[in-house]
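Keep in mind the model is a prediction, meaning the values are calculated, not measured. Chain A is the first sequence line, chain B the second, and so forth, proteins listed ahead of strands; every chain is numbered from 1.
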Amino acid sequence: MRNLGFYYDMSACIGCRTCQVACNDKNDLKVGTLFRVVRTFETGVYPNARMYHYSGACNHCVDPKCVEGCPTGAMHVAQDGTVQHNADKCIGCRYCIWNCPYGVPQFIEEQGIVGKCDSCKDLRDAGQNPVCVDACVMRCLEFGDLDELSAKHGRASLVQDLPILPSSSTTKPSFLVTPKECALNPFYKEKEV
Amino acid sequence: MSELALIIFSICIQAAVGIIVFVCLAKYLDKDGVFKTAVVVAAGLAVIGLLASLLHLGQPLRAVNSLAHFSTSWLSREIWFTGAFTGVTVIAVILVLFKPIAKNAIQALVTLAAIIGLGDIYVMTAVYTSSSVPAWHSGGLFVEFYAATLTMGAVLFLALGGAEGLKAHRPAVLTVGVAVALQVVFMIGYYIQLGASTSQAAGQSLSLMSSMSGVMMIKWLSILLGTGLLFFPVQKRSLNLGVSGEAAAEIAATGTVSASIYFAALLLITGQIIGRYLFYAIVVLSRVGLS
């Protein structure tokens, strides 16, 4: 099975949050619910203060804890290897929220169920990109086969572990990041923007 | 109090399992014991707990879907075990109320319910320890949940068992003592582990816990005072009968349970409920920037 996932070029990201807004728009999300979130972090001190952004969504893990814990099978691995959510099966127990180490699933109060990034499966099935990928003004995001993305962007410079993220060994996330050097600094502080 | 439904669910089920365990024990010590009130209360608590769990769901009408993934999901296993425990306990109550002559069947059902119930407590704990919430990554939670089960079960059994439960009085009191001692030891280890964790989410949980140190103090004071009252009941007259012997003597003499046991039950159950509130209140989820 192909291992599909997102590639994120942190070194080019300017933190404009267009991907986040496009995702909200596509999924018609209400205030407070985000399937893709951009966060901003600071490291170092003057005169060596640095800043970086991280655009995160579902990592469509190879060993997804949300799928393992889901009592209903609503959270499942689709035929293309991505992690998908069946809203009709979901009972809104929120166990996936406790299980995902990346804090991805969101409880949608009005519907009484959770929701999350489906990597715009409908668009992909129609031969298009996920909406966040096409919305990115800096072309920082891509979606596709991780082996191909890895070969394209230089295997040696790509990471799956960052100090801001939980260890990738837990769920084997399907995503690749070209990090900024400062993002490897374990002493960071989240900056509200 | 966003997890009120889960507090009611876990406390009721654990208390019900605890009662059934001591009814089971008492039935082996006294073959003629019926323990009608205790079994009825246990079944009532189990039913209330199961119904409360539905209130936690965003879509309670689809609750049956949760039975679908026993093989992989601890939550699915929890629902199976809780459902089975409640079902067997309710059947036992029906027999106790309408066909008390079927003693062997009642004995078998109570034993089965106790075994399923103790398994349910393990599964219930695993639901939390297997999650990605750093504050719940501790084997000490198994001790916390089993201690809550046995202490609440023991005091409720003593309060509801009356003269019938006399033979199980001493084992029940001693169980509370051992369970509370283990709970204290393992929870001290848990607090140290939480403090030593490199996870920022665990650190935030510890900060939350520190900010609620008054609530935690009430938890431990209630539990320790309740346990103390069981071992050293306040007496109207002084009899030199040793540990827990005074209360037993009073029950034998009057056929009623002393006020000390009711008060101990109130304190121990209050302590465990406050502890469960803290258990959910310190949840800090891992998210980006908070590994």
Study note, to complete from the structure: Answer key: most heavy-atom pairs under 4.5 Å with chain A among B/Ser76, B/Gly58, B/Ala68 is B/Gly58

Might you confirm whether atom [atom1] of [X] has over 12 heavy atoms from other residues, nucleotides or ligands at distances under 6.0 Å?
X        : atom1 : value
B/Tyr128 : OH    : yes
B/Tyr190 : OH    : yes
B/Trp80  : CH2   : no

Donor-acceptor contacts, no H, no angles, side chain residues 40-52 of chain A, under 3.5 Å, sequence neighbours left out:
unit_1  : atom_1 : unit_2  : atom_2 : d
A/Thr40 : OG1    : A/Arg17 : NH2    : 2.9
A/Thr40 : OG1    : A/His53 : ND1    : 3.0

Check your understanding: Taking atom CG of B/Leu57 and atom CD1 of A/Ile91, what is their separation to the nearest 0.5 Å?
Key -> 4.5 Å

Exercise for review: Please round to the nearest 0.5 Å and tell me the distance separating atom NE2 of B/His69 and atom NZ of A/Lys89.
Suggested key: 5.5 Å

Residue [X] versus chain A: region with a heavy atom under 4.5 Å:
X        : answer
B/Leu61  : neither
B/Ser130 : both
B/Val127 : both

Review point. According to the ring-ring contact (aromatic ring centres under 6.0 Å, His included) rule, which pairs have a member within residues 121-160 of chain A, sequence neighbours left out?
Key: A/Phe6-A/Phe143, A/Tyr7-A/His153

Point to revise | Heavy-atom pair count under 4.5 Å with chain B, highest-scoring of A/Thr171, A/Thr170, A/Asp88 | key: A/Asp88

Point to revise | Residues of residues 64-73 of chain A near chain B, each having a heavy atom less than 4.5 Å away | key: A/Lys65, A/Glu68, A/Gly69, A/Cys70, A/Pro71, A/Thr72, A/Gly73

Study note, to complete from the structure: Among residues 105-132 of chain A, those lying within the under-4.5 Å heavy-atom range of chain B are A/Phe107, A/Gln111, A/Gly112, A/Ile113

Study note, to complete from the structure: Heavy-atom nearest pair, B/His56 first then A/Arg94, reads O-NH2, 2.5 Å

Check your understanding: Which of parallel (below 30°), tilted (30 to 60°) and perpendicular (above 60°) describes A/Trp98 and B/Trp136?
Key -> perpendicular

